[in-house]
**Q** 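Encoded as structure tokens, here's the structure I'll be asking about.
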Amino acid sequence: MTNSSTDVLQPAADPRPLAAEPPPIRRPRRRRTKERPAPFRTYHLFFYLLLGSIVVSTASAFAWVFNVSMKTNREFLGTSPWELAEGWRWENYANAWNGANIGAYFGNSLFVSITATVLGVVVSVVAAYPLARVQFRFNGVVLAVFLMGLMIPWMVTFAPLYNLMQGFGLLDSRIGLILVYATYNLPFNVFVLTGFMRTLPYELEEAAAIDGASPTRTFVSVILPLMGPGVASVAIISFLQNWNEFFYALLLIHTPEKMTLPLGLFQLGQAANYGTNWVTLFAGMMMTVAPVLIAFALLQKQITKGLTVGALKG
Amino acid sequence: MFALRKLLVVGAVVVPMMTLAACGSGGDDQPDAPAASSWQSEIEGGPIEVGVLPATGTPSLAFLEKIADSMATDISGTDVKLTFANTEARPALEQRWRSGDGLDVDYTMFDGTNDALLAWADDGKLLDLLPYLEQEDETTGAPWIDSFSPAVRQFMEHPESKGIYGVPSELSLQVLFYNAKIFKDNGITPPATWDDLTAAATKLKSAGVDPIAVTGLFEPYMGMWTDNLWMRTVGYDKVHEVLIEGKGSITDDPGFLDGLTKMQELRDQGAFLEGFEGTDFTAAQAQFFQGKAGMILMGSWLVSEMKDVIPADFDLGVIAFPTVDGGAGDQAGMMAAAQLMSVNAESENIPLALEWVRRVTSVETQTARAEEIGEVSAVKDVPSPPGLPGIAEVVGSADQLYPAYYGILQSKASEVVYPEIAKLVFGKQDAEETLAALDEGLKRVYGN
Amino acid sequence: MLRKAQRRIIVPFLLPAFVLLALFFLYPLARTVDLSLNEFSRTGSMTFVGTDQYERLVGDPDFMNALKNTFLLTIIGALMLFPPAVTIAWALSHRLRGERFFRFFVFAPVVLSVAVVSIMWKFLYHPTLGLINPALKEVGLGALAKTWLGDPATALAAVTFVSVWHGIGIWVVLLCAGFERLPSDVLEAARIDGAGEVRILFSIMLPMLADLLRMLLVLWVVQSFQAFAFIYIMTGGGPFGSTDTVGTLMYRVAFDQADFGYAAAMGAVLVVLMLVIAKILNKVMKRDELQY
């Protein structure tokens with residue numbers, strides 16, 4: 001079965017006329033993905049209940065964080081967790097912003113996560129190609145080495161890694177963190193992308209070769225354009241991982257100006273533990289969570305589509 | 001091939017021994033260290049990185065930032081970087097030390113009462129401060145070392161080489177806090193003995209107040225109770241021998257079982273906070289300050305830590321851990337820990353690092369910290385923090401400070417002792433079963 | 001000719017990824033094995049001790065306990081994760097009204113930091129101040145109230161639940177990918193034949209998704225073998241070791257006791273175990289390739 005959709009490459013909001021532009025891959029479209037909702041059936045009630053309960057639990061979690069961020073420390077510890085805050089205490093946000101340098105952490109996180117994601121995806125999409133579609137003797141072995149990376153507990157290697165980074169002068173540097181993150185994205189990326197590439201028909205390369213294209217050119221102009229969904233899905237997953245990564249950031253970064261968000265939140269968490277300053281922590285959480293949620297809400301269509309369409313070929 | 005391996009092994013043994021020998025004779029022969037008599041005149045501005053215990057945004061940190069700023073004003077070119085060095089930051093910091101990139105001044109690198117924490121000094125990573133401490137202090141005219149309470153010397157001093165590798169910026173004492181208002185309202189006097197304590201617990205219980213706040217999510221804080229009980233029923237040295245040095249058996253001295261039995265009685269009385277098993281330490285402490293529990297056994301840092309959430313009208317009482325009538329141990333001892341600042345022997349700017357240590361531990365600074373933050377000082381002539389009423393008498397009545405936790409946390413017994421105590425407190429096993437489990441576990445880790 | 005031309009790109013295409021992997025993964029990994037043959041002092045000097053550390057592991061009840069908990073967590077977590085994730089993905093494949101809205105909420109916890117989620121749930125689980133016990137009492141189920149994180153019988157499950165709650169969005173999205181890909185003609189045919197939706201799920205959809213499920217299961221095993229952050233923040237391995245996993249034990253051994261050789265040996269054993277389990281899972285769950 002081939003993957004039938006390249007929709008992610010199209011402007012999502014554009015309801016294009018179906019007949020006017022035949023899909024590039026020959027298989028007929030099995031389902032129009034932007035269809036109207038299905039007509040209501042009784043069993044859908046179960047789905048609505050299930051999904052509704054998830055909405056309620058998630059929404060209350062976020063509401064709880066927001067509510068706490070509007071309390072005083074004494075209120076937080078003295079009242080029950082679901083009691084509404086007595087007033088709007090935006091000063092908690094000001095304190096978190098000033099005290100914890102949230103803006104800088106946010107910028108660092110964005111820079112490190114994006115750069116590492118791009119590096120990891122570019123390197124792995126290139127590496128996945130020969131692994132998926134060229135037969136050579138050590139193909140299986142090399143792939144196994146990459147995939148072994150999925151199985152190794154990350155914590156095991158921290159001491160040698162630290163010394164290595166020190167040797168390279170990459171300690172306490174964002175570049176060092178980026179290289180490490182990109183590397184730790186590689187196994188999953190290669191795994192997904194090789195699986196995805198194998199679903200493409202082999203006639204693609206044969207046709208290109210007959211047209212006289214070199215393998216590199218074939219890769220760039222024939223295979224890559226079809227990789228959109230696969231690349232999108234590994235990019236999103238890598239980004240989320242890098243965005244949330246904590247342990248290596250803690251190990252490799254010492255200077256506050258270079259810290260990423262999880263580390264910054266950790267510092268606020270320390271202040272909460274050792275200084276009973278919980279509300280500032282929660283205000284900090286809201287500030288870090290809100291832009292991400294908003295971005296996610298805006299880009300949701302692209303993100304879930306990228307993941308849904310491009311993700312794993314079982 | 002074989003010979004090469006052998007050579008490597010020999011090398012690995014010899015090199016540490018050489019460093020050991022080099023540092024054993026004191027600080028004066030450390031090549032980069034300034035001469036003890038003239039270090040203050042050698043202070044030059046420059047960058048310096050010092051570990052601090054308070055977290056971002058706390059008043060305690062703001063206090064240290066002020067010291068850093070004043071140092072930058074007084075000594076031109078000085079740039080003091082404060083790095084968070086408390087428990088959860090230790091892994092990364094110790095890794096820096098191992099790689100030869102330790103902070104100029106750091107915490108938790110040394111404790112003369114804890115064998116596991118002598119290693120950095122033994123390997124020559126820390127500056128021996130003794131020569132500097134013996135110099136007369138410019139401001140007081142007396143040797144610097146004399147400004148510290150003699151009771152904390154045991155923490156500062158290496159038990160064998162007698163060098164000093166840490167200077168205390170504050171002291172924490174394990175004391176019993178109680179809600180004086182609840183006690184007064186119910187006609188309860190603060191418990192001086194264990195029997196008083198159980199009687200007080202009964203009265204509190206009938207008044208509808210949980211007697212004792214404790215967390216079930218951090219085992220060493222439950223162990224604090226048995227630590228103190230054993231100090232009273234067994235005695236520090238004997239406990240240390242059995243738990244840390246692996247000498248003898250825990251069943252030899254009946255005081256161990258006695259302590260565990262007392263703990264069990266307290267548990268069976270229902271003396272602990274409802275739901276303590278799932279309550280973390282911050283919440284347990286907060287519940288004490290909300291009047292939901294009558295007492296809490298905790299380090300003296302409690303007040304400075306909870307400053308923001310203590311109600312203005314809260315009436316706090318502080319007493320020493322109750323004595324045990326007829327106990328074979330020490331009835332006037334008190335468990336304590338000193339927060340020691342150590343200086344990196346490889347620091348680029350040792351005089352400036354020493355100056356930081358001197359400023360943090362000056363009488364002036366320590367007095368202000370006691371008054372503003374509520375820290376207990378290890379420096380003489382510093383008043384007790386006003387937030388801890390009665391702490392002066394409590395400390396005054398203690399004849400000896402004993403190292404908190406006996407050093408269990410860094411020892412081989414760390415995975416044995418506190419988990420078994422937790423099982424006792426949770427009601428999963430009784431005193432005798434706990435003793436048997438401890439005996440088995442200790443025999444296993446120490447192979448005796 | 002094509003094959004021959006293609007061979008020329010193998011090395012240049014693989015090189016960048018391989019260099020990164022070798023430097024930051026394979027080399028430190030090899031060094032780790034090296035470390036596990038040594039004994040460390042707190043200050044980092046090491047002595048070669050051969051396989052002593054591995055011999056120590058065999059008789060160490062703490063390691064065995066951690067290993068047991070790691071397996072338990074993996075199994076409990078799989079039970080908590082996969083049935084709901086499959087159901088949600090299945091539900092989302094029905095083009096319901098408000099699908100985007102639902103997707104948003106299913107996925108939203110993923111963007112929260114581990115620290116945030118752990119602290120939040122620690123308070124929700126709180127026996128007297130929390131949300132869950134008071135709510136249970138309110139609806140007359142007070143008997144079900146537990147001390148959750150404080151009870152060795154429930155602590156591991158409670159922590160596992162939080163990590164599932166946090167991460168389920170990713171798994172749902174990956175499963176959605178599988179559902180989207182099912183050939184609609186086959187499903188339509190089954191519907192025309194009068195098969196019920198549940199029947200279609202179990203007899204047609206899930207068998208077709210077997211490969212995907214197997215892969216997700218392996219990924220889950222890998223992830224839960226490394227379980228650390230939630231446990232570290234929520235329980236620290238307690239009460240009395242009931243939530244201690246190899247990850248948290250290794251961390252304590254390395255940092256509290258500065259015993260890096262022993263921690264490295266634990267890591268090495270974990271790696272081997274993980275590879276064996278992945279192999280077994282692959283074998284057990286391998287089905288004939290389904291053609292569709």
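Nothing here was measured: the structure is a model prediction, and the numbers come from that model. Per chain, numbering begins at 1; letters A, B, ... match sequence-line order.
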**Q** Which atoms of A/L131 come close to chain C, meaning under 4.5 Å heavy atom to heavy atom: side chain ones, backbone ones, both, or neither?
**A** side chain
**Q** Taking the inter-plane angle between the rings of A/F47 and C/H94 on a 0 to 90° scale, is it parallel (under 30°), tilted (30 to 60°) or perpendicular (over 60°)?
**A** tilted
**Q** Among C/L15, C/T87, C/I233, C/I10, which residue forms the greatest number of heavy-atom pairs with chain A at distances under 4.5 Å?
**A** C/I10
**Q** Rounded at 0.5 Å granularity, tell me how far OG1 in A/T183 sits from CD1 in A/I178.
**A** 11.5 Å
**Q** Of the backbone (N, CA, C, O) and the side chain (C-beta and beyond), which part of A/L50 lies under 4.5 Å from a heavy atom of chain C, both, or neither?
**A** side chain
**Q** Using non-hydrogen atoms and a 4.5 Å limit, figure out which bit of A/V65 sits close to chain C: side chain, backbone, both or neither.
**A** side chain
**Q** Heavy-atom cut-off 4.5 Å, strictly under: side chain, backbone, both or neither for A/V134 against chain C?
**A** both
**Q** Given a strict heavy-atom distance threshold of 4.5 Å, which part of C/L21 is in contact with chain A: side chain, backbone, both, or neither?
**A** both
**Q** Measuring heavy-atom distances to chain C, does A/L281 have an atom under 4.5 Å in its side chain, in its backbone, in both, or in neither?
**A** side chain
**Q** Side chain of C/S224, backbone of C/A227: donor and acceptor closer than 3.5 Å?
**A** no
**Q** Heavy-atom distances under 4.5 Å only: say whether C/A254 touches chain A with side chain, backbone, both or neither.
**A** side chain
**Q** Report which part of C/F104 has an atom under 4.5 Å of a heavy atom belonging to chain A: side chain, backbone, both, or neither.
**A** both
**Q** For C/F13 together with A/F219, are the ring centres under 6.0 Å from each other?
**A** yes
**Q** Could you check whether any side-chain N or O of C/D259 sits under 3.5 Å from a backbone N or O of C/R252, counting only pairs where one atom can act as donor and the other as acceptor?
**A** no
**Q** Which region of A/A128, side chain (C-beta onward) or backbone (N, CA, C, O), has a non-hydrogen atom less than 4.5 Å from a non-hydrogen atom of chain C, or is it both or neither?
**A** neither
**Q** May I ask you to name which of A/A59, A/P187, A/S57, A/A208 has the most heavy-atom pairs under 4.5 Å with chain C?
**A** A/A59
**Q** Would C/W121 and C/F230 count as a close aromatic pair, with their ring centres under 6.0 Å?
**A** no
**Q** Students often mix this up, so state it plainly: with edges at 30° and 60°, are the rings of C/F228 and C/Y232 parallel, tilted or perpendicular?
**A** parallel
**Q** For chain C, which candidate among A/N189, A/V289, A/L261, A/L186 shows the most heavy-atom pairs at distances under 4.5 Å?
**A** A/L186
**Q** Run the salt-bridge test on C/E99 and C/R103 with the 4.0 Å N-O cut-off and return the result as yes or no.
**A** yes
**Q** Does atom CZ of A/F136 have more than 12 heavy-atom neighbours, drawn from other residues, nucleotides or ligands, at distances under 6.0 Å?
**A** yes
**Q** Top residue by heavy-atom pair count (under 4.5 Å) with chain A, among C/V198, C/V221, C/L92, C/T32?
**A** C/T32
**Q** Would you check if C/P16 and C/L20 make a side-chain contact, meaning some heavy-atom pair closer than 4.5 Å?
**A** no
**Q** Which region of C/A17, side chain (C-beta onward) or backbone (N, CA, C, O), has a non-hydrogen atom less than 4.5 Å from a non-hydrogen atom of chain A, or is it both or neither?
**A** both
**Q** Where does A/Y162 contact chain C at under 4.5 Å (heavy atoms): side chain, backbone, both or neither?
**A** neither
**Q** Check whether A/E245 reaches the backbone of A/Y248 with its side chain - one donor and one acceptor, N or O, closer than 3.5 Å.
**A** yes
**Q** Given a strict heavy-atom distance threshold of 4.5 Å, which part of A/L179 is in contact with chain C: side chain, backbone, both, or neither?
**A** both
**Q** Heavy-atom pairs under 4.5 Å with chain C are the metric here; pick the option from A/F146, A/F282, A/F168, A/W243 that has the most.
**A** A/F146
**Q** Go through C/A263, C/A108, C/A264 and name the one with the most non-hydrogen pairs under 4.5 angstrom from chain A.
**A** C/A108
**Q** Determine whether the aromatic ring centres of residues C/F40 and C/Y262 are separated by less than 6.0 angstrom.
**A** no
**Q** Is A/V122 close to chain C through its backbone or its side chain, or both, or neither, when contacts mean heavy atoms under 4.5 Å?
**A** neither
**Q** Please check: side-chain N/O of A/T58 versus main-chain N/O of A/V55, any donor-acceptor pairing under 3.5 Å?
**A** no
**Q** Is it the backbone or the side chain of C/V218 that comes under 4.5 Å from a heavy atom of chain A, or both, or neither?
**A** side chain
**Q** Tell me, side chain or backbone of A/T216 under 4.5 Å from chain C's heavy atoms, or both, or neither?
**A** both
**Q** Please rank C/R100, C/R8, C/R31 by heavy-atom pairs under 4.5 Å with chain A and give me the top one.
**A** C/R100
**Q** Tell me, side chain or backbone of A/A61 under 4.5 Å from chain C's heavy atoms, or both, or neither?
**A** both
**Q** Among C/I200, C/L201, C/L175, C/V172, find the residue that satisfies the side chain to side chain contact (heavy atoms under 4.5 Å, CB included) test when tested with C/W90.
**A** C/L201
